[in-house]
Amino acid sequence: MNQARSATVAFLVLIAGTSSPAQEALVPGKELRALDGAAKRLAKCGLERDAVAVIDVLQALGYPERSLKMLETTCNKEFRKTKHAKFKPAPILKDLGTGIEKVLAFATTATGDKQKAIARQVLALDARLEPAHEMLGHVRSHGRWIEPWMQPLLDREVEMHQALAKALTLEVEPSRVTQSDDVLLESTLGRLGTLAEGWNITIHTSLSREAARQVMIDYARASAFANFLLHGEVKPLRPRPFQFLLVESRAQYDKLIEVLSTKGRMPADEASYQKTARFFWDPRNEFFVMHARDSEHMSALLLSESLDRMSYRGQQFIRGGLANYVCLAALGRRLPYYTKPGQPANASIDEKPPPKLLRAQSGLIGLQAYLADQVQRGTDRPWRNSFVGKIGELDRDDLFKSTGMMWFACTRGPIDSAFSKCPETDATDRDSRTAQFEEAFGVSVDELEKNFHTWIRGATPSILERVEARANSEVDKNVRKMLSRLNKMRGQATESKDPPNRVGLNSWLDRGASDHARYLGAMAAPPKTWQEGCVQDPKQKEFSVGGLRAGVQSLVALGAASPDAALDQWFATFYDRIDLLHPGLLDVGLAQSDTTCVLDCRSLVARPEGEFVVRWPYDKMKNVPLAYQQELRDPVPKATSREWGYPVTLQILRDDESPAGEIEMQLFLGNPSKKQQIECYVSTPDSPSNPQLSPHNTYALIPKAPLKARSTYTVVATYTATKARLIWTFKT
């Protein structure tokens with residue numbers, strides 16, 4: 001029995017044995033039989049979360065205690081089965097629809113608190129029903145139903161998402177990128193390293209100059225978003241000056257420690273200790289020494305230390321939550337680890353997490369969905385648990401909770417003034433830290449947490465929305481065909497011991513994609529730039545905060561008659577294609593409005609474990625299209641013509657023990673021995689064709705003219721350091 005199912009069974013056993021005292025029925029039991037049937041059908045299909053959610057609704061509506069216990073027992077038996085019935089949405093949707101209709105009818109005839117209590121359960125079943133919202137005094141704003149007190153918070157959230165979109169497209173450059181003169185780094189690498197400077201930060205690194213430049217650019221954009229949250233300005237932070245020595249593999253990190261030990265700058269016992277750690281302070285050179293698994297990790301390290309240098313040393317759990325929020329929003333990855341050996345802290349985060357936790361650390365939507373599920377189940381941990389002395393003491397759930405709470409705290413306005421009121425020296429106990437926070441932020445922890453629960457419940461897809469999203473992926477022929485093709489293409493393109501994640505539809509992402517598709521459908525003219533197509537304008541019709549958030553994470557296909565046709569368009573591009581082929585892609589959101597298709601494929605992406613070689617066209621592929629399809633992100637900004645050929649892309653993802661090294665790619669018509677090389681625009685991590693859009697670990701060839709029909713092409717990818725080659729062919 002898997003972990004998720006075990007947890008659900010335990011939960012059902014618990015509530016079956018400790019049912020609350022009988023309460024007045026808000027709706028007669030006989031009127032709730034359809035919902036009882038829906039819960040049983042969901043349980044038979046193995047949909048534990050949705051079945052339990054329906055049971056919660058029934059309990060809240062006063063379903064007879066005996067009937068409730070019988071239902072719990074039946075569902076419990078279904079959850080214990082190792083094989084579940086095939087998902088057939090029609091009868092489930094029918095039962096839910098009938099049940100919702102009956103419950104809403106009783107809400108309409110009820111009055112006062114009873115009406116409000118029923119209306120809340122109606123919205124748990126289907127959050128789109130306007131009459132139920134009106135019964136609760138909700139108002140419609142920015143595409144979302146909210147309680148009136150939430151209006152300024154929602155306005156601020158819109159500003160936050162606009163600031164994020166602006167920060168992610170800032171054109172910034174480090175002040176200097178050159179050769180490093182650090183002797184320690186040279187002794188470690190056997191060659192000179194790279195130095196990059198900017199915004200009061202200096203890094204000496206094993207990375208190439210272009211990769212180091214990209215680390216600094218990513219940091220600057222992320223810190224610009226952090227600056228907005230702190231001060232209301234979208235521009236990179238400038239902390240007190242500090243230096244980093246960053247290496248890109250554990251082997252390099254261990255070698256560096258050996259060099260220090262050999263030179264007498266680190267005792268043997270300390271060297272042995274530091275090899276089990278992730279970072280250390282080198283007092284002689286006055287810089288942090290760290291190794292990072294990838295460049296995004298390096299940028300995240302710079303961001304976290306930058307916040308530390310902004311005089312926010314006190315209340316580190318607050319800084320940890322803020323830093324993790326910015327990392328998830330701007331870098332698409334969780335805050336780096338800060339645990340040292342012997343600390344009973346977040347070292348467990350380093351273990352491979354179960355799927356729900358994987359999603360929680362793979363983007364803001366994943367985090368919000370995880371926290372919403374915790375709140376709904378009543379297993380949400382009090383935020384006070386997160387009031388620890390050091391970031392490294394935040395365990396996984398406490399880090400996530402602190403992230404969500406700081407996200408919510410930021411909707412109250414810029415938080416620098418509150419941060420600045422926190423003492424430089426942290427309090428020594430949880431109660432004192434609580435008092436310091438409440439004085440600095442001007443709100444009680446309990447009140448803020450209560451409001452957070454209301455806020456996140458209102459943003460959660462309802463039971464019916466979740467079931468409909470699953471039904472669309474399995475029943476709608478167009479959607480099913482597109483998802484089936486996408487997963488097949490991902491498998492064909494990927495070489496690895498483990499296959500890439502099999503993606504499906506996600507109800508959270510579906511909701512945002514639908515919001516953005518409606519926005520695009522209402523535009524007077526089709527978008528021509530990424531800014532027009534992916535960043536919503538609050539002044540335009542059909543603007544919504546959900547669409548604003550989804551748009552910047554989505555691919556947009558114009559003139560696509562179906563999702564399947566949109567898939568062909570995206571695979572004929574450079575940037576859109578590599579997003580779809582990323583092995584860490586977990587789930588997508590999909591919406592079609594007339595001939596415009598929206599696919600959110602960047603909100604839930606995890607860093608894949610292991611080694612992956614992803615190439616498209618794949619080896620021996622046939623019937624390859626001839627031409628490039630223009631996309632909203634421009635891969636070669638200065639080129640005047642878009643009459644290009646079908647792109648060739650190569651993505652190399654490796655573990656932290658073996659940096660990929662630079663690769664030179666060539667495309668030939670026929671056998672390379674005939675020397676009929678195709679003239680192409682070339683993009684590599686060290687020399688991106690668009691310096692402001694440099695996909696990590698990705699190489700591309702964009703032919704300057706369409707490919708020839710009924711022809712064979714050969715791709716030669718050569719590792720410049722080892723001269724090892726990847727050679728493959730495809731036919732048009």
### Within 45° cone of W570 ring axis and under 6.0 Å: R577 NZ or CZ
no

Q: Determine yes or no for a side-chain-to-main-chain donor-acceptor pair under 3.5 angstrom, with S694 supplying the side chain and P691 the backbone.
A: no

Closest heavy-atom pair, R633 versus P635, reported as atoms and distance to 0.1 Å, is O-CD, 3.3 Å

When rounded to the nearest 0.5 Å, the distance separating SG of C327 from CG of L322 is 9.5 Å

With a 4.5 Å heavy-atom cut-off, do I678 and F668 have their side chains touching? no

Here the gap from F280 atom CZ to L245 atom CG, rounded to the nearest 0.5 Å, amounts to 8.0 Å

- Task: Please lay out, stage by stage, how L604 and W508 fare under the test side chain to side chain contact (heavy atoms under 4.5 Å, CB included).
- Result: CA-CA 10 Å; L604 282 178; W508 285 79; over 6 Å; no

Expected output: side-chain N324 to main-chain L335 donor-acceptor under 3.5 Å: yes

**Expected output: side-chain D619 to main-chain T729 donor-acceptor under 3.5 Å** = yes

Query raised in the report: Any donor and acceptor pair, going by atom type alone, linking the side chain of T714 with main-chain N or O of G670 inside 3.5 Å?
Result: yes

salt_bridge(D218, R333) N-O dist < 4.0 Å = no

Taking atom CD of E495 as the centre, report whether more than 12 heavy atoms of other residues, nucleotides or ligands fall under 6.0 Å from it.
yes

- request: Would you please classify the geometry between the F225 ring and the Y325 ring as parallel, tilted or perpendicular, with 30° and 60° separating the classes?
  value: perpendicular

Discussion item. Measuring only between side-chain heavy atoms, which start at C-beta, is V648 closer than 4.5 Å to W728?
Written reply: yes

(message) Would Q592 and S562 count as a side chain to side chain donor-acceptor pair (under 3.5 Å) here? Give the steps.
(response) CA-CA 7 Å; Q592 180 90 23; S562 67; over 6 Å; no

Student check: side-chain heavy atoms of M298 and L207 closer than 4.5 Å: yes

Indicate whether the side chain of D686 and that of T684 have a donor and an acceptor atom separated by less than 3.5 Å.
-> no

Q651 meets the side-chain contact (heavy atoms from CB on, under 4.5 Å) criterion, sequence neighbours left out, with I578, L581, V614, L653, T698

Verdict with supporting geometry, F288 and Q243, side chain to side chain contact (heavy atoms under 4.5 Å, CB included): CA-CA 7 Å; F288 280 105; Q243 292 190 88; over 6 Å; no

Side-chain donor or acceptor of S208 paired with backbone N/O of A211 under 3.5 Å = yes

Nearest heavy-atom approach of V552 to R602 is O-NH2, 2.9 Å

When rounded to the nearest 0.5 Å, the distance separating CD of E643 from CD of Q630 is 9.5 Å

Tell me whether N487 contacts the main-chain N or O of L483 through its side chain, where contact means a donor paired with an acceptor under 3.5 Å. yes

Legend entry - Side-chain heavy atoms of Q666 within contact of E664, under 4.5 Å: yes

**Prompt:** Does any N or O in the side chain of T649 come within less than 3.5 Å of the main-chain N or O of A700, such that one atom is a donor and the other an acceptor?
**Reply:** no

* To do: Taking the side chain as every heavy atom from C-beta outward, state whether L586 and R359 have any atom pair closer than 4.5 Å.
  => yes

Closest non-hydrogen contact found for Y681 with A639 is OH-CB, 3.6 Å

Under 3.5 Å donor-acceptor, T732 side chain and R710 backbone:
yes

Across all chains, not counting sequence neighbours, the salt bridge (Lys or Arg N to Asp or Glu O under 4.0 Å) partners of E173 are R213

Residues at least two apart in sequence or cross-chain that pass salt bridge (Lys or Arg N to Asp or Glu O under 4.0 Å) with E186, listed by chain then number, are none

Heavy-atom nearest pair, A220 first then V172, reads CB-CG2, 3.9 Å

Contacts of K704 meeting salt bridge (Lys or Arg N to Asp or Glu O under 4.0 Å) (sequence neighbours excluded), chain-then-number -> E679

Report task. Return yes if some donor-acceptor pair links the side-chain N/O of D182 with the main-chain N/O of L185 below 3.5 Å, else return no. Result -> yes

Notebook entry, point to check: Is the distance between the ring centroids of W616 and F571 under 6.0 Å?
Noted result: yes

CG of D537 to CD of Q531, rounded to nearest 0.5 Å, is 9.5 Å

Within the 3.5 Å criterion, strictly below it, is a donor on S206 or Q252 matched to an acceptor on the partner's side chain?
yes

Checklist entry - Does E662 reach the main-chain N or O of Y719 with its side chain, forming a donor-acceptor pair under 3.5 Å? => result no

| Considering only heavy atoms from C-beta outward, does the side chain of H516 approach that of L548 to under 4.5 Å? | no

Taken to the nearest 0.5 Å, the spacing of L707 CG from L669 CG works out to 9.0 Å

Taken in chain and number order and not counting sequence neighbours, the residues that satisfy side-chain contact (heavy atoms from CB on, under 4.5 Å) with V605 are H582, L585

When rounded to the nearest 0.5 Å, the distance separating CD of E197 from CD1 of I203 is 10.0 Å

Hits for side-chain contact (heavy atoms from CB on, under 4.5 Å) against S496, two or more places apart or cross-chain, chain-then-number order -> T494, D498, F612

Does the pair L399 and T403 meet the rule for a side chain to side chain contact (heavy atoms under 4.5 Å, CB included), with working shown? CA-CA 6 Å; L399 175 62; T403 303; 4.2 Å; yes

> Should R485 and D564 count as an ion pair when the cut-off is N to O under 4.0 Å?
Replying inline: yes

(message) Is it the case that the side chains of T194 and Q179 hold a donor-acceptor pair, with the cut-off being a distance below 3.5 Å and no angle test?
(response) no

Test item: I727 and V715 side chains (from C-beta on) under 4.5 Å apart, heavy atoms:
no

Might you work through the side chain to side chain contact (heavy atoms under 4.5 Å, CB included) test for V177 and E210, ending with a clear yes or no?
-> CA-CA 8 Å; V177 180; E210 182 57 38; over 6 Å; no

Subject >> Close side-chain approach of F574 to W644, heavy-atom, < 4.5 Å >> reply: no

Practice item. Indicate, with yes or no, if the rings of F244 and Y219 have centres closer together than 6.0 Å. Key: no

Nearest heavy-atom contact between S249 and H291 is O-CB, 3.8 Å

On a heavy-atom basis, the closest approach of G533 and L632 is CA-CD1, 4.0 Å

